[in-house]
Amino acid sequence: MATITPQELQTKVGQNIGTSEWVLVDQDMINKFADATGDHQFIHIDEEKAKLTPFGGTIAHGFLTLSLIPMLGAKTDSPKIDGIKMGVNYGGNKVRFLAPVRSGKRVRSHVKLLELDEKRPGQWQQTNEITVEIEGEEKPALIAEWITQFFI
């Protein structure tokens, strides 16, 4: 896969820089997330009770959808940085959960580069707007302004 320099990536500020592959959010993933976080609210794990809600079935935790951002990022066609040694999550400026992800649906991310600045020599901070789309639905699951740092 071709790589680019951080300086070349800077020229793409304001542009969409990638779309991920589709990822299935199934009941097994939702159940494992519930176990990992201790959030066993029925809307996520009890398929029979959840059928009686306006959702018509179980839905993924919003934080599960948010936690998919690194995996979706790894599955994007975004440019890869030449010489990168390490990347870390730095935080988020905004997160909005706009629509529930129903069990059995697929999601993918769209990435728009908002900022890219060199904080110190070899240390870069990247801010992306990430939209997680739900296959076949109008509204996205979430939109997040997410900050990462990477080191060259």
Side-chain angles (χ1 to χ4, degrees), residues 1-41 43-45 55 58-152:
M1 172 177 287
T3 59
I4 64 173
T5 66
Q7 293 80 6
E8 290 169 322
L9 184 58
Q10 273 183 317
T11 67
K12 298 183 182 303
V13 168
Q15 297 178 34
N16 291 321
I17 59 168
T19 298
S20 76
E21 299 171 12
W22 289 103
V23 170
L24 176 66
V25 179
D26 62 12
Q27 193 60 49
D28 185 54
M29 179 188 285
I30 294 168
N31 291 343
K32 287 176 180 173
F33 190 84
D35 288 342
T37 62
D39 182 350
H40 292 95
Q41 186 180 161
I43 193 67
H44 305 303
I45 62 167
F55 302 118
T58 57
I59 60 171
H61 307 70
F63 285 121
L64 167 55
T65 307
L66 182 66
S67 76
L68 294 176
I69 287 175
M71 181 194 11
L72 293 169
K75 295 177 179 281
T76 69
D77 55 2
S78 296
K80 304 304 178 213
I81 307 297
D82 186 37
I84 195 165
K85 294 179 182 172
M86 174 179 66
V88 295
N89 287 311
Y90 190 69
N93 290 333
K94 300 178 196 174
V95 176
R96 296 292 180 267
F97 300 108
L98 303 173
V101 177
R102 289 170 178 78
S103 178
K105 285 289 200 166
R106 295 192 319 163
V107 297
R108 70 177 174 183
S109 66
H110 300 278
V111 181
K112 179 179 180 181
L113 180 61
L114 299 179
E115 292 180 49
L116 181 61
D117 300 304
E118 190 171 24
K119 294 301 190 182
R120 300 185 175 95
Q123 179 182 348
W124 292 81
Q125 184 166 301
Q126 180 173 346
T127 305
N128 291 321
E129 177 184 86
I130 300 171
T131 302
V132 177
E133 171 189 10
I134 307 166
E135 188 174 38
E137 297 192 19
E138 257 183 62
K139 278 180 116 174
L142 68 82
I143 297 176
E145 191 171 292
W146 200 251
I147 307 164
T148 56
Q149 290 190 352
F150 61 87
F151 300 82
I152 303 293

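The salt bridge (charged side-chain N to carboxylate O under 4.0 Å, His left out) check on K32 picks up D28, with sequence neighbours excluded. Under the side-chain contact (heavy atoms from CB on, under 4.5 Å) criterion, N31 pairs with Q27, I45, not counting sequence neighbours.
D77 places a side-chain N or O within 3.5 Å of a backbone atom of T19 that can act as its donor or acceptor partner. Side-chain N or O atoms of D82 include none that pairs as donor or acceptor with a backbone N or O of I84 at under 3.5 Å.
With rounding to the nearest 0.5 angstrom, the CG atom of N16 is 10.5 Å from the CG atom of N128. To the nearest 0.5 Å, atoms NE2 (H110) and OG1 (T76) are separated by 11.5 Å. Between the CD atom in Q126 and the CG atom in L9 there is a gap of 5.5 Å [rounded to 0.5 Å]. Rounding to the nearest 0.5 Å places CD of E129 at 12.0 Å from OG of S109. Here the straight-line distance linking atom CG of L116 with atom CD of E8 works out to 12.0 Å at 0.5 Å rounding. In this structure, the separation between CD1 on I4 and CD on Q7 is 10.0 Å, given to the nearest 0.5 Å.
Here salt bridge (charged side-chain N to carboxylate O under 4.0 Å, His left out) pairs that include residues 109-119, with residues two or more places apart or in two chains, number zero. Evaluation of the salt bridge (charged side-chain N to carboxylate O under 4.0 Å, His left out) test over residues 84-105, restricted to residues two or more places apart or in two chains, returns R102-E137, K105-E137.
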Please report, to 0.1 Å, the donor-acceptor pairs under 3.5 Å made by any side chain of residues 63-75, with sequence neighbours excluded.
residue: T65; atom: OG1; partner: H61; partner atom: O; Å: 3.4
residue: S67; atom: OG; partner: F63; partner atom: O; Å: 3.4
residue: S67; atom: OG; partner: L64; partner atom: O; Å: 2.7

Which atom pairs, one a donor and one an acceptor, fall under 3.5 Å between side chains of residues 138-152 and the rest of the protein, sequence neighbours left out?
residue: E145; atom: OE2; partner: N93; partner atom: ND2; Å: 2.7
residue: W146; atom: NE1; partner: N89; partner atom: OD1; Å: 3.0
residue: Q149; atom: OE1; partner: Q123; partner atom: NE2; Å: 2.8
residue: Q149; atom: NE2; partner: Q125; partner atom: OE1; Å: 2.7

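Residues S103 and I30 approach most closely at CB-CD1, 3.8 Å, considering heavy atoms. Heavy atoms only, all atoms of each residue included: S78 and G18 are closest at OG-CA, 3.5 Å.
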* For H40 and D35, what are the C-alpha separation, side-chain angles and deciding distance, and is it a side chain to side chain contact (heavy atoms under 4.5 Å, CB included)? -> CA-CA 7 Å; H40 292 95; D35 288 342; 2.8 Å; yes

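Side-chain atoms of T58 and H44 include no donor-acceptor pair closer than 3.5 Å.
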